Asker: 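After the structure tokens below, expect a handful of questions from me.
All values reported here derive from a predicted model rather than from experimental measurement. We're numbering straight along the sequence, starting at 1. Quick note: numbers below take in every heavy atom, side chains included, and nothing from hydrogens, waters or symmetry partners.
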Amino acid sequence: MEALEPDTKDWTWVLSRACTECGFDPSSVRHSEVAGMIRDDAALWVPRLHGTGVAVRARPDRWSILEYGCHIRDVHRIFEHRVQLMLTEHDPRFPNWDQDATAIADDYGAQDPETVATELYEAAGVVADTYDRVPADAWSRRGLRSNGSEFTIATIAVYHLHDIVHHAYDVAGM
């Protein structure tokens, strides 16, 4: 499949105001609720990825449901790694992740939808369990993205949630 125009936006603004595209409002989410919301979202991806035509792009400027599913799986894995760094290191700097390069290198559009559904669900469970186990005094631990954006575990949890909510919105009309 053809590569899409890379998303170069800095989405950190979604921590301070509602997303006009998907409607996600960070002020309505408590970090302690994120784990359950991640599990709920993952459960919805299983039937999405078992549908017909999941590898077909409905629009040339958007990924297919399969490609979004691969991305969400990888988002859960990336955030799991970042939260673990924040729990075990002092002010870690996160390795850069180019989601668009990953989509091409891992050939998202050619992956098996059933395998992706299982992997997404499992990755969501792992990161949700990690959020559930964050000690009360650790939610304020910090980490830095490669561009210098600073997160705490509490804010990265909400940022993570927006990513998956936004992509659920992206595929809702497919």
Asker: Any donor-acceptor pair under 3.5 Å linking the side chain of Y169 with the backbone of E21?
Answerer: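 Yes: the side chain of Y169 pairs with the backbone of E21.
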
Asker: Going by heavy atoms in the side chains, are H166 and F24 under 4.5 Å from each other?
Answerer: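 Heavy-atom side-chain distance check fails, nothing below 4.5 Å.
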
Asker: With distance as the sole test, does E67 use its side chain to make a donor-acceptor pair with the main-chain N or O of S64 at under 3.5 Å?
Answerer: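 Checked: pair present.
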
Asker: If the test is salt bridge (charged side-chain N to carboxylate O under 4.0 Å, His left out), which one of R59, R57, R62 qualifies with D170?
Answerer: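 Of all the options given, the one that passes is R62.
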
Asker: Any donor-acceptor pair under 3.5 Å linking the side-chain atoms of T102 with those of Q99?
Answerer: no

Asker: R93 side chain to R145 main-chain N or O, any donor-acceptor pair under 3.5 Å?
Answerer: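 Yes: the side chain of R93 pairs with the backbone of R145.
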
Asker: Determine the interplanar angle of the W139 and Y131 rings, folded into 0 to 90°, and report it as parallel if under 30°, tilted if 30 to 60°, perpendicular if over 60°.
Answerer: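 Because their plane-to-plane angle is under 30°, the rings of W139 and Y131 count as parallel.
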
Asker: Between atom CG of D163 and atom CD1 of I78, what is the distance when rounded to the nearest 0.5 Å?
Answerer: 11.0 Å

Asker: Relative to the ring of W63, is the ring of H167 parallel (under 30°), tilted (30 to 60°) or perpendicular (over 60°)?
Answerer: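 Tilted: the ring planes of H167 and W63 meet at 30° to 60°.
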
Asker: What heavy-atom pair brings G109 and L66 nearest, and what distance separates the two atoms?
Answerer: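 The answer is O-CD2, 3.5 Å.
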
Asker: To check you understand the geometry: which heavy-atom pair defines the closest contact between C22 and V165, and what is its length?
Answerer: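 Closest approach of C22 to V165: SG-CG1, 4.4 Å.
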
Asker: Got V29 and H162 here, is their nearest side-chain heavy-atom distance under 4.5 Å?
Answerer: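 Heavy-atom side-chain distance check fails, nothing below 4.5 Å.
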
Asker: Mind checking whether P95 and L85 have side chains closer than 4.5 Å, heavy atoms only?
Answerer: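 They are in side-chain contact.
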
Asker: Let me confirm one number: the CG-CD distance from L161 to E33, rounded to the nearest 0.5 Å.
Answerer: 9.5 Å

Asker: If I take atom CD1 from residue I153 and atom CZ from residue R82, how far apart are they, to the nearest 0.5 angstrom?
Answerer: 13.5 Å

Asker: Compare all side-chain heavy atoms of L87 with those of T130 and state whether any distance is below 4.5 angstrom.
Answerer: yes

Asker: With rounding to the nearest 0.5 angstrom, report the CD to CD1 distance, E150 to I156.
Answerer: 11.0 Å

Asker: With hydrophobic residues grouped by side-chain heavy-atom distances under 4.5 Å, do V171 and V46 end up in a single group?
Answerer: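 Per the 4.5 Å side-chain linkage, V171 and V46 are not co-clustered.
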
Asker: I need the minimum non-hydrogen distance between S16 and P26, along with the two atoms involved.
Answerer: N-CG, 4.1 Å

Asker: Between CZ of F94 and CG of N147, what distance do you get to the nearest 0.5 Å?
Answerer: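 It comes to 11.0 Å.
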
Asker: So, for A124 and A42, which heavy atoms are closest and what is the spacing to 0.1 Å?
Answerer: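 What the structure gives for the nearest pair is CB-CB, 3.4 Å.
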
Asker: Hey, could you give me each pair passing side-chain hydrogen bond (donor to acceptor under 3.5 Å, both in side chains) that has a residue in residues 43-52? Not counting sequence neighbours.
Answerer: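 Applying side-chain hydrogen bond (donor to acceptor under 3.5 Å, both in side chains) to every pair that reaches into residues 43-52, excluding sequence neighbours, yields D41-W45.
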
Asker: Please determine whether side chain to side chain contact (heavy atoms under 4.5 Å, CB included) holds for the pair L15 and F151, giving the CA-CA distance in whole Å, both sets of side-chain angles, and the decisive distance to 0.1 Å.
Answerer: CA-CA 10 Å; L15 293 171; F151 291 93; 3.8 Å; yes

Asker: Could you walk me through whether I38 and H76 pass side chain to side chain contact (heavy atoms under 4.5 Å, CB included), step by step?
Answerer: CA-CA 9 Å; I38 287 172; H76 291 315; 3.6 Å; yes

Asker: Using the salt bridge (Lys or Arg N to Asp or Glu O under 4.0 Å) rule, take D106 and R73 through it: C-alpha gap first, then chi angles, then the decisive distance, then the call.
Answerer: CA-CA 12 Å; D106 292 354; R73 174 202 59 208; 5.1 Å; no

Asker: Look only at the side chain of R141 and the backbone of E89, and say whether a donor-acceptor pair between them is shorter than 3.5 Å.
Answerer: yes

Asker: Just by modelled atom types, is the Q84 backbone N or O under 3.5 Å from a matching donor or acceptor in the T88 side chain?
Answerer: yes

Asker: Quick one: do M37 and V127 end up in the same hydrophobic cluster if we chain Ile, Leu, Val, Met, Phe, Trp and Tyr together by side-chain heavy atoms under 4.5 Å apart?
Answerer: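 Per the 4.5 Å side-chain linkage, M37 and V127 are co-clustered.
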
Asker: Could you tell me the separation between the CD atom of E80 and the NE2 atom of H160, rounded to the nearest 0.5 Å?
Answerer: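 It comes to 9.5 Å.
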
Asker: Closest approach of N96 and S146, non-hydrogen atoms and distance?
Answerer: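 For N96 and S146, the tightest heavy-atom pair comes out as OD1-OG, 3.1 Å.
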
Asker: Do S28 and D25 have a side chain donor and acceptor closer than 3.5 Å?
Answerer: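 D25 and S28 do not have a side-chain donor-acceptor pair below 3.5 Å.
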
Asker: Under the side chain to side chain donor-acceptor pair (under 3.5 Å) rule, collect the residues that match up with D98, sequence neighbours excluded.
Answerer: none

